[in-house]
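Written below as structure tokens is the structure these notes are about.
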Protein chains: 2
Amino acid sequence: MDNKKIEKISRALSDANRIAILQEFKKKKDCLYCAEVNDMLDLTQPSVSHHLKQLVDAELLLPQKEGRNLKYVLNQQILDDYIACLTELKD
Amino acid sequence: MDNKKIEKISRALSDANRIAILQEFKKKKDCLYCAEVNDMLDLTQPSVSHHLKQLVDAELLLPQKEGRNLKYVLNQQILDDYIACLTELKD
DNA sequence: TTTAAATATTCAAATGTTTCGATATATAAG
DNA sequence: CTTATATATCGAAACATTTGAATATTTAAA
């Protein structure tokens, strides 16, 4: 993972709403629907859409279309890669 | 570690110059001097000072005064705590 | 005690991010 | 085919971050 990617993932994680979205996976387990995120956050739909886009662009979330709904799964692999980079910082 | 702290650390990590500073510890090992960071980055002294402040405010770096020089050590504990929070996201 | 060196602070300009209203697009339901 | 629902995009306002010039502060050296 190059530095540009580390920067992008870090930026995706540097917002309270986006951290809350990721943590919601601990409850909902396997997947989370776009509509659920809309209900969960105290933001308008375009704002939620913006935050989800940041997470998808950073590849922390993988989107899957289901008819007119949108389902997200957590990308555990990229989280592992990011954690590995941080671990390397510690000499 | 609460979400405000995760947010702050993530933001500190979301900049190419600051990532480069942290990675420099892998070379210089134990500690890094402020002056070394000034030499290393293609930025003016006030800008470097700003970036170092972000890292210190996030507690990723611990500053130690040595006369008129300033020495930084990496705060491995907070990195570990941050990594632990990210690991928890993975169910 | 004057001077020089290292670092921090202030201020303003430039740039980037977040938010929302309005609107567009896509797809399902009637 | 028309309507309703889910999500995305656009545009602008508000806010935050990054940068550097100028200047202040701190401490060492002369």
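Chain letters run A, B, ... following the sequence lines, proteins first, then strands; residues in each count from 1. Given the structure is predicted, the values throughout are model-derived calculations rather than measurements.
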**Close residues, residues 40-49 of chain B, relative to DNA chain D [heavy-atom separation under 4.0 Å]** = Leu43(B), Thr44(B), Pro46(B), Ser47(B)

**Request:** Answer yes or no: is there a side-chain heavy-atom contact under 4.5 Å between Leu79(A) and Leu60(A)?
**Result:** yes

**Request:** Look at Glu59(A) together with Lys5(A) and state whether they make a salt bridge at an N to O cut-off of under 4.0 Å.
**Result:** yes

**Message:** With heavy atoms of chain B within less than 4.0 Å as the criterion, where does contact along DNA chain C begin and end?
**Reply:** dA4(C) to dT9(C)

**Prompt:** How close or far is atom P of dA6(D) from atom CG of Leu52(A), stated in whole angstroms?
**Reply:** 15 Å

**Prompt:** Closest heavy-atom contact between Leu13(B) and Tyr82(A)?
**Reply:** CD1-OH, 3.8 Å

**Fill in**
Residues Gln23(B) and Ile6(A): closest non-hydrogen pair is NE2-CD1, 4.3 Å

**Request:** Measure the distance from CG on Leu55(B) to P on dT17(D) and round it to the nearest whole Å.
**Result:** 14 Å

**Request:** Compare all side-chain heavy atoms of Gln45(A) with those of Ser49(A) and state whether any distance is below 4.5 angstrom.
**Result:** yes

**Prompt:** Base, sugar-phosphate alone, or nothing: which one does His51(B) contact when heavy atoms must sit under 4.0 Å apart?
**Reply:** sugar-phosphate

**Prompt:** Any side-chain heavy-atom pair from Arg11(A) and Gln54(A) closer than 4.5 angstrom?
**Reply:** no

List the atom pairs, donor and acceptor, that lie under 3.5 Å between side-chain atoms in residues 37-44 of chain A and the rest of the protein, sequence neighbours left out.
unit_1: Asn38(A); atom_1: ND2; unit_2: Cys34(A); atom_2: O; d: 3.3
unit_1: Thr44(A); atom_1: OG1; unit_2: Ser47(A); atom_2: OG; d: 3.3

**Item:** Length of the NE2-P vector between His50(A) and dA12(D), whole Å
**Value:** 18 Å

**Request:** Can you sort out which residues in residues 1-18 of chain B have a heavy atom within less than 4.0 Å of DNA chain D? Ascending by number, please.
**Result:** Arg11(B), Asp15(B), Asn17(B), Arg18(B)

**Prompt:** For the hydrophobic clusters of this structure (ILVMFWY residues joined by side-chain heavy atoms under 4.5 Å, transitively), does one cluster hold both Met1(A) and Leu89(A)?
**Reply:** yes

**Item:** Residues in contact with DNA chain C, drawn from residues 56-72 of chain A - heavy-atom cutoff 4.0 Å
**Value:** Lys65(A), Gly67(A), Arg68(A)

**Complete:** Nearest heavy-atom approach of Phe25(A) to Ile21(A) is CD1-O, 3.5 Å

**Item:** Minimum heavy-atom distance between Leu22(A) and Leu74(A), given as atom pair plus value
**Value:** CD2-CD1, 3.7 Å

**Asked** Does some side-chain heavy atom of Leu86(A) sit less than 4.5 Å from a side-chain heavy atom of Leu86(B)?
**Response** yes

**Item:** Leu55(A) with Ile78(A), same ILVMFWY side-chain cluster at under 4.5 Å
**Value:** yes

**Item:** Any pair counted as salt bridge (charged side-chain N to carboxylate O under 4.0 Å, His left out), so long as it reaches residues 67-89 of chain A, sequence neighbours left out
**Value:** Glu66(A)-Lys71(A), Asp80(A)-Lys90(B), Glu88(A)-Lys26(B)

